[in-house]
Amino acid sequence: MKEYITKIGSGDLAVDDTLLTKGVETTAGSKILSGFVPLFSAEAVERAVKAGYTVSGKTNVGEFGLDLVGEFSNYNDGDEVLRGAAAELIAKGEVKGALEVDLNGAPRRAATLSGTDFIKPTYGTVSRYGIIPCACSGEQVGAAAANAAETKKLLAAVAGHDGKDGTSLPAEAYDYSCGKEPAGMKAGIITQLFELASEETKAVIKGYAEKLKALGVSVEEVSVEEIAAAQSAWQILMAAETCNNVSRYDGVKFGYRTPNYKNIDELYIGSRTEGMNLLTKTTVLYGSDVLSKGRYFTCYDKALKVRRVVAERFGELFKTYDLLLAPACGKTEYKKYDITRAFETVYGESVFTAVPNLIGIPAMVTKGVQLMAGHFEEKTLFKIAESAEGTDK
Amino acid sequence: MKYEIVIGLETHVELNTRSKIFCACGGHSSHGEPNDCVCPACCGMPGMLPVTNKRVVELAVMAGLMLNCEINRYTTFDKKSYYYPDLPCAYQVTQWFHPICTNGLVEVQTKNGTAKIGIKQIHMEEDAGKLVHDDWSDTTLVDFNRTSVPLIEIVSRPDFRSAEEVLAYLEKLKAMFRFANISECEEGAMRCDVNISIRPEGSTELGVRTEIKNMSSLSSIERAIKYETARHMDAIERQTEVLVQETRRWDDIKGKTFSMRNKETAADYRYFPDPNIMPIVIDDEWLEKIKADMPASPEEKAAEYRALGVSDKEIELLISKRNLCDLFDELLMKGCNVQDIVSWILTECAGVLRKKGQVLDELSIPAEKLARIIAMTASNEVTRGAGRKILVAVLDDDVDPDKFCEENNLAAQGDESLINDVVKKVIEENPGAVNDYLGGKTKAFQALFGGCMKQLRGNGDPAIIRAQLENELAKLS
């Protein structure tokens, strides 16, 4: 596995390749963007640097962040066991933290596999300025680190209003340290997701539930029938938005251009054919289909309605539960597989991660478990994660 | 059989804003060098996000109010996807699902009477770039200066029945939008797609419709409509061809329309709400603010000025631009005389601007300063000539009129005994002119008057000079 695409220096922060870094080639793991050197850095990167972090290098991602953990990147070198690049650097202690874009759960799966922490914050709390865009309505820059305290510190450094992002929320900063003590809290394990997981994964969830109980949190299973609909809805929105966003890569102004063309159509088609992988192309076709005249109202528009229904359902759930538990992926290990199976494989796994992207709630992976909470409840997630870590000592 | 023409228009109007619709680049398409008004956002670089220009929303609401539309308080932007080299993101941000204004009505006058034209909707959108073909190197170049320049598209109902109505409508929009500073409506800043069909008079069904795309000159629009009407009639009456619903291009040199090989109508634009732009909610407070900021219509202004005794020709000049009306109104409020206002704006100011190579539209002068100049000349504190000098200084350097007058010794000389001395001296020194005058050549009076004024360095009170000169000359006859 290629961890760094570009090693910049002996810094403490890894930045994934979907985040623009001024003067450093940024490709979102895609050949179509090879040679693209941004004129400015992503706002999240700027803020981390301002807060004292030093960028160590750019880490690999799957093309446009669409795969499981980075296996289908332009830089892929065919490892048998799949791991996320940034999460592995953290696990090895090479960097203190990483900024990663979560658009379809890849960094959450990577954290699960490497045993590190990652949080995808509430939508609108971290600027999306400088993300190579795919699924604009649900993607967020998240923070990864070896433990909850470091993750919290990095997220606090990058979150806050940014006038350059029209969907950025107004709060200038967020206090993530004021979470309530866990004792007396109520947690729910989402039955539908728990049941889908492998036995090893189930054991991890059960183990974590025991830790929570030891902290005085009551834990029970809760059935959320909307999970399957949420998975489909996010798939539709994500693919449609991705299709639209990657349509700008045409080989004309920047990035890869096919050497074989005789006219503008051949230039477009050749560059895109050679510059993007099968998973991206499948996503583009799927996205184009759900937006087409005949399908818009039965697919895309319906997905928007499902988004509202799911948001309402989770709003209700968070009146009862302080947090929800679920696996972030179905297995504890992924093996290399063929790209022709990528679209359905990623879709299958996205059932575990879709809800936070779809409705913008925060989701944190810690100790192999995914915790979800209501909007702006990152503080609760951090408090729980830190307290549970404490029980290990 | 008698036929009637049915026409609907889609009119794109470039809005007069300081910056583009979603980024901070300058807002006009007519910038000098290609690509000197672009940034990573309007060039479609990944990572940039749109931030909506509030002024665009306000101008669109104003246009909607002027065309008697309903203003939708909840309005959204949508993405329209298609590939074209002048569209850097391969999508255009426009309004498809929730346009800002709907259901308007505008009345237009032609020699055949008044026509009521329904407005289906007005929506906001960004313009695309421009392709420039370079014949020398046989390449096509892209200029992104116009990319993301804000537009409104006004979609009419198919309510036009003649080319004359179309022209009257476009002229009316132009006058309204120029007047309200919504758009300069210069060449190219107002472009039309003309949808046209014909049907037997009295029929309620629509005939086969063709769309003529992207027309910007009124004379071409008129010719294209006439050509297209004749083509449709021939097809129906004499079966010269079978009409199909299609998009056509007007060739101004050949004077014909040509079918565009149609990727356009076949395209599926895959509209969807732009997730990067939050829905815009126009609350009462904002709407009231926009209304307060709106001028009366040019017609209302014209009627008002006509009642004050301003001539039609002068009115036409004044209402061509809202800033002139604002200036007129302020001067009137400051107590200036109507005829003085008209002559100072339309003669003196226009004259100064003309010398500077500018047009009256560009006039920018603080009303209180012009009011002071008018007052000074009206009360003979300074002569008209001195007033003109002060005006030049105000327009050039924004000086204080009173201070400038004092520093340059421009105050009118009203000292009667001094003027009397000068008058006597001039009569003495110009016996020829005096004799001419006494001999009946009244023109000689002007020469003597000018001589006096020259002695007084142009600052003599003209009324006193005139009276004294007449008086002294009368003594000699």
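Protein chains get the first letters and strands the later ones, always in sequence-line order, with residue 1 at the start of each.
- Side-chain contact between Pro275(B) and Glu241(A) is present, with at least one heavy-atom pair separated by less than 4.5 Å.
- Listed here is the closest heavy atom pair of Pro88(B) and Arg248(A): O-CB, 3.7 Å.
- For Gly163(A) against Val51(B), the heavy-atom pair with the smallest separation is O-CG2, 3.4 Å.
- Residue contact with chain B, scored on non-hydrogen atoms closer than 4.5 Å, is absent for Thr18(A).
- Chain B forms the most heavy-atom pairs under 4.5 Å with one residue out of Leu33(A), Asn244(A), Thr167(A), and that residue is Asn244(A).
- Neither the backbone nor the side chain of Phe22(B) has a heavy atom closer than 4.5 Å to any heavy atom of chain A.
- Of the atoms belonging to Tyr300(A), it is side-chain heavy atoms, and not backbone ones, that fall under 4.5 Å from chain B.
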Checklist line | Stepwise side-chain contact (heavy atoms from CB on, under 4.5 Å) check, Phe254(A) with Met45(B) | finding: CA-CA 9 Å; Phe254(A) 46 79; Met45(B) 295 273 187; 3.9 Å; yes
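- Here the CD1-OH distance, from Ile269(A) to Tyr83(B), works out to 9.5 Å after rounding to the nearest 0.5 Å.
- Interface check for chain A: of the options Pro50(B), Ser81(B), Cys23(B), Pro273(B), the most heavy-atom pairs under 4.5 Å are formed by Pro273(B).
- Atom CG of Asp165(A) and atom CE of Met278(B) lie 9.0 Å apart (nearest 0.5 Å).
- Between the CH2 atom of Trp96(B) and the OH atom of Tyr296(A) there is a distance of 11.0 Å, given to the nearest 0.5 Å.
- Around the NZ atom of Lys253(A), the shell of radius 6.0 Å holds more than 12 heavy atoms that belong to other residues, nucleotides or ligands.
- Other residues, nucleotides and ligands place more than 12 heavy atoms under 6.0 Å from the CZ atom of Arg55(B).
- One finds the CZ atom of Phe272(B) at 13.5 Å from the CD1 atom of Ile236(A) (value rounded to the nearest 0.5 Å).
- Summarising the local packing, CZ of Arg73(B) is surrounded by more than 12 heavy atoms from other residues, nucleotides or ligands at distances under 6.0 Å.
- Interface remark: Leu39(A) contributes side-chain atoms only to the contact with chain B (heavy atom separation under 4.5 Å).
- Lys302(A) NZ: 12 or fewer foreign heavy atoms inside a 6.0 Å radius.
- Rounding to the nearest 0.5 Å places NZ of Lys79(B) at 8.0 Å from OG of Ser247(A).
- The parts of Arg128(A) that come within reach of chain B are both its backbone and its side chain, each placing non-hydrogen atoms under 4.5 angstrom from that chain.
- Looking at Leu237(A), there are no atoms closer than 4.5 Å to chain B (heavy atoms on both sides), in backbone or side chain.
- Interatomic distance, Tyr84(B) OH to Asp250(A) CG, rounded to the nearest 0.5 Å: 14.0 Å.
- Using a 4.5 Å cut-off between heavy atoms, Lys164(A) contacts chain B through its backbone alone, with no side-chain atom that close.
- Judged by distance alone, the side chains of Asp268(B) and Ser292(A) never bring a donor and an acceptor atom under 3.5 Å apart.
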